[in-house]
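This report concerns only the one structure given below.
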Amino acid sequence: MGLSPLSITTMKLFVFPRWANKTRQLAGVFLGVTPVYLTALIWYGASPKTTDVGYQPKQPIPYSHALHAGELGLDCRYCHTTVEETGHAAIPPTETCMNCHKVVHPTSPKLLPIRESYATNSAVPWVKVHDLPDYAYFNHSAHVTRGIGCVSCHGRVDQMEEVYQHESLSMGWCLDCHRAPEQHLRPVSEVTNMSWKPPEDQLTYGKRLRAENNIAPSQDCSTCHR
C-alpha cells in the first residue's frame with residue numbers, strides 16, 4: 001500500500017532526530033550563561049586583588065612588618081618557612097607568633113586575636129595581599145633559590161607598617177623579568193636582605209650572576225599557564 005502525499009511530506013519534515021529539538025534549549029542556556037561567565041572572569045581577573053598597585057586589605061591583627069622585619073631584623077623565612085622549598089610562601093601558624101608573644105606583650109589587647117587563636121587551635125583569618133588569579137602559576141622556590149630577592153616583587157616590606165601590593169604582578173611585568181633577569185639577580189644568600197646593594201652596576205653584576213648560574217627563564221606560555 002503506497003504512502004499518501006501527506007505522509008511523504010511529514011517524513012520530509014522530520015529530517016533530524018527528535019533529540020535535536022533540545023539544541024535550541026542548550027543554545028539558549030549557552031547564550032545566557034556565557035556573557036555572565038565572561039563578565040565574572042574579566043571582573044575577577046581585573047579586580048584590585050590581582051592588579052592594583054597599593055592594594056592593602058585590612059588585616060584582623062595590626063601586624064607591623066616595619067617593626068618585625070625592619071627594626072627587629074627578623075628574616076622573612078622565620079615566618080614564611082616554605083619559600084625555599086615549595087611554590088607557596090606559607091602563612092605562619094599562630095604558634096610562630098606565640099614563640100615570642102608568650103613573653104613579649106603577653107597581655108596586649110592588640111594581640112587578643114592571636115591569644116584566642118592559640119587557645120582554640122583555630123587559624124587567624126589573615127587576608128591575602130598578593131593574590132594571583134587561579135590561571136597564573138607562580139613558584140616561590142624557583143625564584144628565591146636562583147637569586148631573586150623578596151624586595152623585587154614585594155618592595156621594601158621592612159619599611160611597611162602594613163603590607164600592600166608594591167608591583168602590578170601583571171603578565172607583562174613578569175615577562176620583563178624573564179627576558180632580562182639580570183636586573184634583579186643577587187647572591188642567593190642575600191635574597192631576604194632588603195637593603196642589599198650590588199658591589200657594582202646592577203646590570204653588569206646581574207649578567208655575571210646569570211652566566212655563572214646558567215639562568216635562562218622560560219618565556220613559554222605553559223610556564224605560568226598550566
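Source: prediction; values computed, not measured. Positions are given from 1 along the sequence.
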Extract all donor-acceptor atom pairs below 3.5 Å that involve side chains of residues 177-184 and protein atoms in other chains or at least two apart in sequence.
unit_1	atom_1	unit_2	atom_2	d
His178	ND1	Ser218	O	2.6
Glu182	OE1	Arg210	NH1	2.9
Gln183	NE2	Asp176	O	3.1
Gln183	NE2	Ala180	O	3.0
His184	ND1	Ser152	OG	3.2

> Between Arg156 and Ser195, does a side chain to side chain contact (heavy atoms under 4.5 Å, CB included) hold up when you go through it step by step?
Replying inline: CA-CA 8 Å; Arg156 290 299 301 268; Ser195 59; 4.1 Å; yes

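- For residues 80-94, the salt bridge (charged side-chain N to carboxylate O under 4.0 Å, His left out) pairs, not counting sequence neighbours, are Arg77-Glu84.
- Here the shortest heavy-atom pairing between His105 and Arg115 reads O-NH1, 4.3 Å.
- For Gln56, the side chain to side chain contact (heavy atoms under 4.5 Å, CB included) test picks out Glu162, Tyr164, with sequence neighbours left out.
- When all heavy atoms of Ile61 and Val124 are compared, the closest pair comes out as CD1-CG1, 3.8 Å.
- Taking each heavy atom of Val188 and Gly147 in turn, the nearest pair found is CG2-N, 3.8 Å.
- Looking at residues two or more places apart in sequence or on another chain, you find a side chain to side chain contact (heavy atoms under 4.5 Å, CB included) between Glu161 and Ser64, Ala66.
- In this structure, Asn121 places its CG atom where only 12 or fewer heavy-atom neighbours from other residues, nucleotides or ligands lie under 6.0 Å away.
- Residues in residues 68-103 take part in these ring pair (Phe, Tyr, Trp, His ring centres under 6.0 Å) pairs, two or more places apart or across chains: Tyr63-His68.
- The two residues Thr82 and Ala90 have their closest heavy-atom pair at OG1-N, 3.0 Å.
- Connection of Val83 to Trp126 is not established within any shared hydrophobic cluster, with ILVMFWY side chains joined at heavy-atom distances below 4.5 Å, either directly or through further cluster members.
- Residues that satisfy the side chain to side chain contact (heavy atoms under 4.5 Å, CB included) test with Tyr118, not counting sequence neighbours, are Thr94, Glu95, Met98, Lys102.
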